[in-house]
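Here is the structure we will look at.
The basis for the numbers below is simple: all heavy atoms, side chains too, and nothing from hydrogens, waters or symmetry mates.
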Amino acid sequence: MSLSRRCSRTACDRPAVQTLTYVYADQTAVLGPLATYAEPHAYDLCQVHGERLSAPRGWEVLRLATDLDPRGPSGDDLLALADAVRDAARPRTTAHADAPPGHDGPGQSPRPGHPGERGPYRGHLRVLTTD
């Protein structure tokens, strides 16, 4: 099963890059960026079929500005991820003796009780040791 969405046109197996929706009340076809989720009343189109799109007579085609170049994560996204991993892997420097179990000190969030866990609890990022 492929995780990327494909063009809705019959026999086209190219990846979808735009979503087409119809506004029947305004007699308008709207071609915009690929929708976050596949909608049952919208059509995902590849770049070729998006460029060739025509509407019925009397209808208007509204083409929203889209960036058709497929891109991966930006440099900022990768740096933020690297910083989060680096921060989560950093060892704890001090432990507060008067802090209750599961707390790293004043102002820190409680940690789940996993015995191999180090560092302050940050929601979904944790460093687990393999001891």
Side-chain angles (χ1 to χ4, degrees):
M1 179 179 172
S2 174
L3 295 178
S4 65
R5 294 182 353 223
R6 299 285 170 200
C7 183
S8 297
R9 297 294 302 258
T10 305
C12 181
D13 63 350
R14 290 186 286 265
V17 295
Q18 297 174 307
T19 298
L20 170 66
T21 55
Y22 291 105
V23 182
Y24 293 98
D26 297 332
Q27 294 185 332
T28 304
V30 180
L31 186 64
L34 188 63
T36 306
Y37 301 103
E39 297 290 334
H41 301 291
Y43 303 93
D44 294 334
L45 299 177
C46 65
Q47 183 173 356
V48 172
H49 286 117
E51 290 171 355
R52 292 182 185 169
L53 176 72
S54 63
R57 188 173 312 186
W59 281 57
E60 179 184 355
V61 176
L62 180 61
R63 296 177 189 270
L64 302 177
T66 59
D67 184 10
L68 299 178
D69 294 331
R71 293 185 182 162
S74 72
D76 290 339
D77 293 338
L78 295 175
L79 287 174
L81 179 60
D83 288 341
V85 170
R86 193 176 307 114
D87 196 33
R90 190 171 295 136
R92 232 183 353 197
T93 57
T94 60
H96 295 277
D98 58 338
H103 280 74
D104 285 332
Q108 296 293 324
S109 301
R111 295 182 293 145
H114 193 281
E117 189 175 283
R118 300 181 334 196
Y121 178 64
R122 287 188 171 76
H124 63 284
L125 293 177
R126 292 183 285 170
V127 177
L128 301 177
T129 60
T130 58
D131 297 337

Test item: [X] and [Y] side chains (from C-beta on) under 4.5 Å apart, heavy atoms:
{"X": "Val30", "Y": "Thr21", "result": "yes"}
{"X": "Arg14", "Y": "His49", "result": "yes"}
{"X": "Cys46", "Y": "Cys12", "result": "yes"}

Looking only at heavy atoms, what is the nearest atom pair of [X] and [Y], with distance?
{"X": "Gly32", "Y": "Leu64", "answer": "CA-CB, 4.0 Å"}
{"X": "Leu20", "Y": "Ala29", "answer": "CD1-CB, 4.0 Å"}
{"X": "Leu31", "Y": "Gly50", "answer": "CD2-O, 3.4 Å"}

From [X] atom [atom1] to [Y] atom [atom2], the distance as rounded to the nearest 0.5 Å:
{"X": "Cys7", "Y": "Gln18", "atom1": "SG", "atom2": "CD", "value": "10.0 Å"}
{"X": "Tyr43", "Y": "Thr19", "atom1": "OH", "atom2": "OG1", "value": "12.5 Å"}
{"X": "Gln47", "Y": "Arg52", "atom1": "CD", "atom2": "CZ", "value": "11.5 Å"}

* **Any donor-acceptor N/O pair, Arg6 side chain to Leu45 backbone, under 3.5 Å** => no

* Taking a hydrophobic cluster as the set of Ile, Leu, Val, Met, Phe, Trp and Tyr residues connected by side-chain heavy atoms closer than 4.5 Å, whether directly or through intermediates, do Leu53 and Val48 fall within one such cluster? -> no

* Lys/Arg N to Asp/Glu carboxylate O, Asp44 vs Arg5, below 4.0 Å -> yes

